[in-house]
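Taking it in order: structure first as structure tokens, then the write-up.
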Amino acid sequence: MTDPTDDALTELLAKQTQLMQTAKTRIQAIEGEAETTDRLVRVRVNASGGLLGVTLGPGTERLSRNQLGEMITRTAQQATRRAAELVATELDELDTAQQQLLDIIESINPTTASILRPAPDQLHANHKPGNPDATGLRSRTR
């Protein structure tokens, strides 16, 4: 016969594993997109900031190569910041779910919870990527 506490902990750990898998899948699917306000340049990146696409609108032919390069760079940076914000949000949600599970584990078995909780010096400060700069860029998520 198994201990009901062991069964409850096993179930909670399975739930945590599922939450982590779901978060991993969602993070891998994150894309950030930004577009200049004049709609000349649109850039799409993945969660790592890898370039997925650049769309140049009509009118870009009037720009110098340097102007166009700078516009693409600024827009790509904005898209990357947006993707980073989405990843941070996903990780915050995972941290919250993990904390809730640890609280439940503590109510079942405080010793196990104390082993699973990170030490205070291991806790990371929640870093929120900075607000978009005033470059005239719009961003959206997919």
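Note that this is a predicted model, so its numbers are computed, not measured.
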*Roughly how far apart are Thr73 OG1 and Asn66 CG, rounded to 0.5 Å?*
10.5 Å
*Answer yes or no: is there a side-chain heavy-atom contact under 4.5 Å between Thr75 and Glu35?*
no
*What is the minimum heavy-atom distance between Asn46 and Gly50, and which atoms define it?*
OD1-N, 2.7 Å
*Going by atom types only, do Thr36 and Asp38 share a side-chain donor-acceptor pair under 3.5 Å?*
yes
*Which pairs, with at least one residue in residues 11-20 and sequence neighbours excluded, count as a side-chain hydrogen bond (donor to acceptor under 3.5 Å, both in side chains)?*
Gln18-Thr22
*asked:* Just by distance, no angles: are the side chains of Gln78 and Arg81 close enough, under 3.5 Å, to form a donor-acceptor pair?
replied: yes
*Okay, side chain of Glu70, backbone of Leu68: is any donor-acceptor separation there less than 3.5 Å?*
no
_Would you compute the distance between atom CD1 of Ile105 and atom CD of Gln100 and round it to the nearest 0.5 angstrom?_
12.0 Å
*Does Glu33 reach the side chain of Arg42, with side-chain heavy atoms less than 4.5 Å apart?*
yes
*Hey, could you give me the CD1/OG1 distance between Ile30 and Thr89, rounded to the nearest 0.5 Å?*
8.0 Å
*Under a 4.5 Å side-chain heavy-atom rule over Ile, Leu, Val, Met, Phe, Trp and Tyr, are Leu40 and Leu56 clustered together?*
yes
*Atom CD in Gln98, atom CG in Leu91: separation rounded to 0.5 Å?*
11.0 Å
*Would a 4.5 Å heavy-atom cut-off, applied to side chains only, mark Val43 and Thr55 as touching?*
no
*Using the test salt bridge (Lys or Arg N to Asp or Glu O under 4.0 Å), find all partners of Glu106 that sit at least two apart in sequence or belong to another chain.*
Arg117
*Which pair of non-hydrogen atoms, one from Ala34 and one from Ala79, has the smallest distance, and what is that distance?*
CB-N, 3.6 Å
*asked:* Nearest 0.5 angstrom please: Thr80 OG1 to Arg44 CZ, how far?
replied: 12.5 Å
*Of the non-hydrogen atoms in Ala47 and Ala83, which two are nearest, and what is the gap between them?*
CA-CB, 4.3 Å
*asked:* As an exercise, state the distance from CD1 of Ile72 to CZ of Arg74, rounded to the nearest 0.5 Å.
replied: 10.5 Å
*With a 4.5 Å heavy-atom cut-off, do Gln67 and Met71 have their side chains touching?*
no
*May I ask you to check whether Gln99 and Asp103 show a side-chain donor-acceptor distance below 3.5 Å?*
yes
*When clusters are formed by joining ILVMFWY residues with side-chain heavy atoms under 4.5 Å apart, either directly or through shared neighbours, do Leu52 and Val87 land in the same one?*
no
